[in-house]
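Take a look at the structure set out below.
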Amino acid sequence: MTGSPTPVQRPVVMARYNPKETEPKWRKAWTDADAFRAVADPAKPKYYVLEMFPYPSGRVHMGHVRNYSLGDVIARFKRARGFSVLHPMGWDAFGLPAENAAMERGVDPRAWTYENIARMRQDLKQLGLAIDWSREFATCDVEYYGKQQALFLDLMARGLVYRKESVVNWDPVDQTVLANEQVIDGRGWRSDALVEKRKLNQWAMRITDYADQLVDDLATLDRWPDKVRLMQENWIGRSRGLKFRFHFAGAGSDNDLQVYTTRPDTLYGASFVGIAADHPLAAEIAAKDPAAAAFIETCRRGAATEAEIETAEKIGYDTGLRVKHPFEPDWELPVWIANFILMDYGTGAIFACPAHDQRDLDFCRKYGLPVTPVVLPPGEAPSTFAIGDEAYTGPGILYNSKELDGLDIESAKARAIQRIEAQGDGEGATVFRLRDWGVSRQRAWGCPIPVVHCATDGVVPLPKSALPVTHPADIEFGKSGNALERHPTWKHTTCPICGGPATRETDTLDTFVDSSWYFARFANSHAEEPIDKAAADYWLPVDQYIGGIEHAVLHLLYARFVTKALADDGQLSVREPFAGLFTQGMVTHETYRRQNGEWVEPALVEFVTEGATRRARLIDGGEPLSIGDIEKMSKSKKNTVAPEEIFEVYGVDAARLFVLSDSPPERDTQWSTSGVQGAWRFVNRVWDEFDSQPADVPAGEPDDALRRATHRLVKQVTEAIDTFRFNSGIARLYEFLNLLKANPAAGATPAILVARHEALSAFARLIGPFTPHLAEECWVRIGGAGMVVEAEWPAFDLGLTEDAVKILPVQVNGKRRGEISAPAGAEPADVERIVLADAEIAQRLEGLTIRKIIVVKDRIVNIVAA
RNA sequence: GCCGCGAUAGCUCAGUGGUAGAGCGCAUCCUUGGUAAGGCUGAGGUCCAGGGUUCGAAUCCCUGUCGUGGCACCA
C-alpha cells in the first residue's frame, strides 16, 4: 500500500454518528419513496424471500431480530442486483396463547391478538426491514380464514378431507387433540403435558396419499439443508416389504391373517405370528376367551400415554390358534397377542423372526419360543454361529432356508416375494410411518370448519356462498374447553340440503393449516379468490425461505402437502412451495445465578476481569454471581436481552450487525454486550471514515493497490451473501475498514483520495444489506445519487481482484524455505527459472539433487530434492 | 438402538490439498478538547487423538475419543 508520507492527523472535531436521529429519518424516507413495494415486473427476474411469519405473542425478541435481519439481507441484496423482490410480512395469529390469555386475564382473544400485532408491527418496522407492508395480513382476519374455508371445501371435494373415529393424542392441559407431529417424547409440543390416548371423531387430511411424492420430491429440493430432507424422509418412513396372508390351521378365524414384513428373506426363521391388542382378531378371540380379554385389558391400561407405551415391557398371550407357514404347509406357527405390536402400522400383525429382530428376540427369550438363525454373517461357520441376547441384523448369506440358501439378503427378499405372489398369498408392498394429518382442534380461537351435521343428511359441507363462517361476536372465552361448543346459539343452523335443523361443526382447524398456504396468499393478499393464480404463477415458489429448524417436519411437511394438493386442484402451478430453505440457529446467552440459585437477568450483571478469569457480580450491591451455561434465551432462565433496549442504546444497525456478524447464520449465536459494543464501534468507525473524506475529490488515476483491494472486497462480500456466509462477508468489511484507516484522507495523495472515493462508494452499498440506515447516511456524505436502496450493487472487475505481482512461498521437501516474486499468472517454466536464480533457495539446495519441481500457479512452489 | 452434524487462538467462528486467519477479548504504549471515549503495537495455535494416501494434509480416507441434533417397540 502506498501510504501518505505525512503523519496521521486527526480531522478536527468530528460529528459523532447519532443513530437516534438518522435511523428514523431513513425509515421515513424509504416509506415515503414506497421503496419496498413488490412489483411483478416481467422484464426482471423475480425473487421471493420469506421468513416464517411470527406468532403475535406481544414482543419482538432477539430470535425475531436475527430471523428477519437474515431475510432482510437477502431482500436488499437481491433488489440491488436487479430482481423484482417480494418480501412480505404477516401474522400466524390463531392459537392457544390467545385463549390462555383470555382465561388468565379475562381479555378478548381477538382484541389481545390485534393489540399484540400492533405492537410487534411497530417493533419490526423499527428494525428497518425492506418489507412490502401493503401485503400484510393475519390468519385470524376473516378475509384470510374465510378463504381458507373455501380451500378446505375444495380439498374435501377432492376426497382429501375425511372424518374418522380414531385413537388420538389428547393433550389434557390444552384440552385438545394433537397431531403426531406435535407430540414430542410423549408430551404436547406446547403444553409439555403427558399426552393421553382417546377415541374421538376427528377431521383428518389424507397426507398419506402424497407420501410417495413427499419423499421422492425431496430429491428436487437441492437448496434445502440435507438435514431437513433427511428428517422428513425419516418421518415419512417409507419401507418396502411384503404383505401376505397366513392361512389358519384347523379351527381359527374365518378370515386369513394378513401381516406386513420388511424381511421376507427371514421367513424360514419364523417363530410365531403376533397381532396387536386392538387387532380385530384379538377382539374375536376375547369374545370366547376371558383370559385373552383380560390380557387385552392389561395392555390397554398399561398404555395410557405415549411415554408409557415406549417404555413398557414386552408381554404376550398365546391365543392357542395356529397358522400354516406359507412355504411349509405342515409347519404350524402359534398366534400371540403382543403389546409391542402397533395396530396403526402395516397391518397390525407380524411374523416374528427372533434371530434377526431384537424385539422379536426379547419376546421369544422371555416366552421360550424357538430361535433359528437364517442369515449367516460373513466369516461365520454354520455349525458354530449362534444367537445370544443380540439379534443379528447385518448382511450375510441365507442358510437353514431351503431354496433361499446361499442367496444374499436382497436376492432372498426378491425370491420370497416372488414365491408368495405366485402362490396368490400376497404381494410386495410399500408401507409408511407417516399417518394422516388430524386437523380437528377442540378450540374456539381457530378457523371454523365449514361443515354442518344434519340428522337427515349427515355431515354436510356448506356451499361457498355460505362462507365465511365466522366466530360469534359474544363468544365467552373465560373457561376451559371449547367456547364454540358452549355458545348458546352459534352452532344451531339449518342444513343446506334439506333445510332442516343442523348443528355446526364446533372443531376448528389446526393452526398449521393456516400456515400451509399463507405464502401463496402473499402473491396477492387482497384477491377475491383464495389464491390469485396469475400472481402466484409469477411469484412462486418462494426462492428463499428462512426459519427455525424446529419446523423441519411439522410446518414444512404440511405446507409441501397442501401445495401439491392445491396444484392437483389447479389452484397452483408449483408442486413445491419453497425452492430454497435456510434454517437459522438460535440466539443464546450466558446465564447468571445468585448464591441462592435465583436466575439473574443480564442487565443487572457487571463483570470484572482478573487476569485470565472473568467474574460476574450484581451491579447493585456487588454480590458475586456464578456464570452458567450458554443457553437459548428464555424467560425462565432470565437470560433474555430486550431488543428495544439495545436499539435505544446502540441503534438498530448495531444490533442487526451483531446478530449477523458473530456466527454463521445456521449456527447458534451468542449474544453478548461486548459483541454488540464491537458492532457499535464499527458503525462509528465507518462513519468516521466517510466523514473524513473531502467532498471535492481530485480527478486522476486511483491508487492501484487500494483499488484492487476494493474490487477484491466487492467480490468477497458479494459471494459471501450469495452463499449465506454473512458473517464472513462482515469480517471482510471489518478488515477493509482497517485498510481504509491505514490510508487516511488527511494528508493523502490525490491517487489515494481517488481510490478512497471509489472504495467508499462501494462500501456504502456493500453495508446496505446489513446496516441499511448507516449505509444511507454514508452514501449521502460522499455525494451518492438518490438512496442506497435505489442504487445498483457495486460491480467488480475480476482482473482487478488479483494482485499483479504474486509472492510465492518456496518449499523444499514440503518445508517453507523462502519466497519469490512472480507476475500473476506466470507459467511454471518461468517460475522455475526465477526460483533457480534465487540465491537463498540455491543455498538451501546445496549438496542436494533436484528430483522434481512442483509449481502451483499463483500459489506455491515445492522442490523435491535428495 | 438407527440416521446425521461438529471438534482450528481465551471466546465466537472463517479456512475443503499448497505461507494457519478474522472479529471480540487480553497485554504494552500513545491520546486525555470524540472522554462511561479514540488510536498504535503485540502476545497467544500439538488445527481433538492415532494411522493411511500424497512431493505436500487443518483440508481426503480409516479408527477412536468427546460434544451435539433428529428419530425410535414402525415389523
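To find a chain, count down the sequence lines: A is the first, B the second, and so on, and within it residues start at 1. Hydrogens, waters and symmetry mates are skipped; everything else that's a heavy atom, side chains included, is used.
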side-chain N/O A/R681 vs B/G25 OP1/OP2, d < 4.0 Å = yes

ask   = Under the side-chain contact (heavy atoms from CB on, under 4.5 Å) test, which residues partner A/E832, sequence neighbours left out?
value = A/I853

request  = Let me know the distance between CG of A/L713 and P of B/A22, rounded to the nearest Å.
outcome  = 16 Å

request  = Taking only heavy atoms on the protein side, list every residue of residues 727-734 of chain A lying under 4.0 Å from any atom of RNA chain B, sorted numerically.
outcome  = A/N727, A/S728, A/A731, A/Y734

inquiry  = If the condition is side-chain contact (heavy atoms from CB on, under 4.5 Å), which residues does A/R685 pass it with, not counting sequence neighbours?
reply    = A/L737, A/N738, A/K741

request  = Map every base of RNA chain B to its dot-bracket character, where paired means a Watson-Crick or G-U wobble contact with both distances under 3.5 Å and | marks a partner outside the strand.
outcome  = (((((((..((((....[..)))).((.((.......)).)).....(((((..]....))))))))))))....

remark   = Checking B/G34, B/G39, B/A75 against the side chain of A/K741 (C-beta onward), the nearest is B/G39

request  = Determine the Euclidean distance between corresponding P atoms of B/U59 and B/U16; express it in Å to zero decimal places.
outcome  = 12 Å

ask   = Aromatic rings A/Y17 and A/W687: how do their planes relate, parallel, tilted or perpendicular, breaks at 30° and 60°?
value = tilted

ask   = Hey, is A/K715 close enough to A/E719 for a salt bridge, meaning N to O under 4.0 Å?
value = yes

ask   = Between A/R781 and A/D691, is the closest basic N to carboxylate O distance under 4.0 Å?
value = yes

query = Salt bridge between A/R229 and A/D226, side-chain N to carboxylate O under 4.0 Å?
reply = yes

task = Give a yes/no answer on whether the side chain of A/N738 brings an N or O atom under 4.0 Å of OP1 or OP2 in B/A22.
result = no

Atom pairs, N/O to N/O, protein against nucleotides 66-71 of chain B, distance under 3.5 Å?
residue, atom, partner, partner atom, Å
B/G69, O2', A/K227, NZ, 3.2
B/C71, O3', A/R433, NH2, 3.2

query = Hey, what's the ring geometry for A/F726 with A/F770, parallel, tilted or perpendicular (30° and 60° as the breaks)?
reply = perpendicular

inquiry  = Is it true that A/T723 and A/R725 share a donor-acceptor pair across their side chains at a distance under 3.5 Å?
reply    = yes

ask   = Which whole-number value in Å describes the distance from A/F340 CZ to B/C74 C1'?
value = 12 Å

inquiry  = Please evaluate residues A/N339 and A/K314 with respect to the criterion side-chain contact (heavy atoms from CB on, under 4.5 Å), reporting the C-alpha separation (whole Å), side-chain torsions for both, the decisive distance (0.1 Å), and the verdict.
reply    = CA-CA 6 Å; A/N339 67 336; A/K314 290 177 182 52; 4.2 Å; yes

query = Within this structure, what is the CE-to-C1' distance between A/M343 and B/C73, rounded to whole angstrom?
reply = 16 Å

message = Taking A/E233 first and then A/R238, would you say they form a salt bridge - that is, a charged N and a carboxylate O separated by under 4.0 Å?
response = no

Output one line per pair: protein atom, nucleotide atom from nucleotides 8-12 of chain B, and distance, for all N/O pairs under 3.5 Å.
residue, atom, partner, partner atom, Å
B/U12, O2', A/D662, O, 2.9
B/U12, O2', A/D662, OD2, 3.4
B/U12, O2', A/S663, OG, 3.0

message = If I take atom CG in residue A/D362 and atom P in nucleotide B/G1, what distance separates them, rounded to the nearest angstrom?
response = 14 Å

request  = For B/C29 and B/U46, measure between their P atoms and round to the nearest Å.
outcome  = 27 Å

ask   = Is there a donor and acceptor pair closer than 3.5 Å between the side chain of A/D688 and the base of B/G34?
value = yes

inquiry  = Could you tell me how far apart A/E735 (CD) and B/G15 (C1') are, to the nearest whole angstrom?
reply    = 12 Å

request  = Look at the side chain of A/H325 and the backbone N and O of A/L333, then say whether any donor-acceptor pair between them is shorter than 3.5 Å.
outcome  = no

